[in-house]
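What follows is a single structure, written as structure tokens, with notes after it.
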Amino acid sequence: MDTIKVHDKTFRLMLHNAEIERAISDLATKINDDFCGQQTVPLFLSVLNGSFMFAAQLMKHIRFPCEISFVKLASYHGEHSTGNVTELIGLSDILIDRDIIVVEDIVDTGKTYGTLLETLKRYSPKSVKLATLLLKPDVYQKEYTLDYVALRIPNNFIIGYGLDYNGLGRNLGDIYTLIK
Ligand code: IMP
Ligand code: MG
């Protein structure tokens, strides 16, 4: 199917599953090159919901001893403070002195990753790196190093391979782009 309707919008096929998974395999090779032979056991931290499919596929290609955990970012307004307070939900691992590889679905403006990085630093990890399935380079505004990027895409809204439009589309094995 080359076009699909999700809620009120129509999307066109943009990236086939085979192309996505080849890019993930290539990305895993880079991560393996960087971490194989190290004495420590890195922790992959997959940020739900969007990264579940990418994380599952990526982990199949990782060739060094590692752990994986799944977290969610929750943001709320503190009663007595101004601005957002951010919390990691689901974190049961101790991060002190650990090598962390954050697994994200997509970096758009970079705001979400920036917030996550600042939050993670409070747990005193040894290092934090990012592996993201997708990056919209034309929109990315931050200075954070994006260590591992599988695919770069134009600034269009997309769904599939974990990413949703109002809850739908996460199950699609291919990636679809919004037809305007
Ligand atoms: P950022 O904070 O602007 O980098 O946005 C990152 C978050 O926005 C991602 O984790 C996604 O949940 C969501 N997002 C950004 N672009 C898209 C898209 O094209 N489709 C679906 N979700 C998106
Ligand atoms: Mg996300």
Side-chain angles (χ1 to χ4, degrees), residues 1-17 19-21 23-24 27-28 31 43-59 68-78 83-91 100-123 125 128-180:
M1 251 195 313
D2 274 3
T3 64
I4 52 165
K5 192 143 192 268
V6 177
H7 294 300
D8 56 330
K9 301 203 187 304
T10 308
F11 294 80
R12 175 171 34 82
L13 182 62
M14 187 174 88
L15 290 164
H16 281 280
N17 181 270
E19 195 179 339
I20 299 165
E21 297 199 340
I24 295 173
L27 195 74
I31 299 175
L43 173 68
F44 286 86
L45 218 50
S46 167
V47 185
L48 296 173
N49 293 326
S51 72
F52 76 96
M53 204 177 276
F54 170 47
Q57 187 62 24
L58 179 69
M59 297 315 286
I68 181 163
S69 271
F70 298 85
V71 291
K72 272 197 178 196
L73 259 189
S75 180
Y76 58 93
H77 288 280
N84 279 338
V85 181
T86 308
E87 201 181 35
L88 276 178
I89 295 179
L91 188 69
I100 310 297
I101 303 164
V102 173
V103 181
E104 269 280 22
D105 52 355
I106 187 164
V107 175
D108 191 315
T109 62
K111 192 169 177 290
T112 306
Y113 179 58
T115 304
L116 179 65
L117 197 58
E118 297 309 320
T119 305
L120 278 176
K121 280 182 187 163
R122 301 206 298 259
Y123 295 85
V128 181
K129 289 197 165 174
L130 170 74
T132 184
L133 175 63
L134 299 152
L135 169 67
K136 293 179 182 171
D138 297 340
V139 197
Y140 182 61
Q141 299 168 341
K142 307 278 185 190
E143 316 264 288
Y144 307 109
T145 307
L146 307 177
D147 305 273
Y148 307 106
V149 178
L151 293 158
R152 288 170 170 77
I153 57 166
N155 180 24
N156 286 329
F157 188 78
I158 54 126
I159 56 166
Y161 217 87
L163 289 104
D164 73 307
Y165 167 50
N166 284 350
L168 296 183
R170 294 194 196 276
N171 56 306
L172 299 166
D174 305 312
I175 287 177
Y176 290 78
T177 186
L178 178 66
I179 299 175
K180 289 188 181 135

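Since the structure is predicted, the reported quantities are computational estimates derived from the model, not experimental observations. Atoms within each ligand, like the ligands themselves, are counted from 1 in listed order.
For the residue pair Ser46 and Ser51, a side-chain donor N or O sits within less than 3.5 Å of a side-chain acceptor on the partner.
In terms of polar-atom proximity, defined here as any N/O pair under 3.5 Å, Gly110 does make such a contact with ligand 1. The shortest N or O to N or O distance between Tyr113 and ligand 1 is not below 3.5 Å. Considering backbone and side-chain atoms together, Ile158 places an N or O closer than 3.5 Å to an N or O of ligand 1. In terms of N/O distances under 3.5 Å, ligand 1 is not approached by Asp164.
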Exercise. Between Ile153 and Thr177, is a side chain to side chain contact (heavy atoms under 4.5 Å, CB included) present by the stated rule, with each step listed?
Worked result: CA-CA 10 Å; Ile153 57 166; Thr177 186; over 6 Å; no
Exercise. Where do Lys9 and Tyr165 land on the side chain to side chain contact (heavy atoms under 4.5 Å, CB included) test, with the steps shown first?
Worked result: CA-CA 9 Å; Lys9 301 203 187 304; Tyr165 167 50; 3.4 Å; yes
Exercise. Between Asn156 and Lys136, is a side chain to side chain contact (heavy atoms under 4.5 Å, CB included) present by the stated rule, with each step listed?
Worked result: CA-CA 8 Å; Asn156 286 329; Lys136 293 179 182 171; over 6 Å; no
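Relative to atom 15 (C) of ligand 1, the option among Val139, Asp108, Leu135 with the closest non-hydrogen atom is Asp108. Closest heavy-atom approach to atom 19 (O) of ligand 1 within the set Lys136, Glu104, Lys111: this belongs to Lys136.
Within the 4.0 Å heavy-atom cutoff, Leu163 counts among the residues contacting ligand 1.
By the 4.5 Å heavy-atom criterion applied to side chains, Thr112 and Val47 are not counted as neighbours. In this structure, Tyr161 and Leu151 have side chains that are not in contact, with every pair of non-hydrogen atoms separated by 4.5 Å or more.
Using a 4.0 Å cut-off to heavy atoms of Thr112, the atoms of ligand 1 that qualify are 1 (P), 2 (O), 5 (O), 6 (C), 7 (C).
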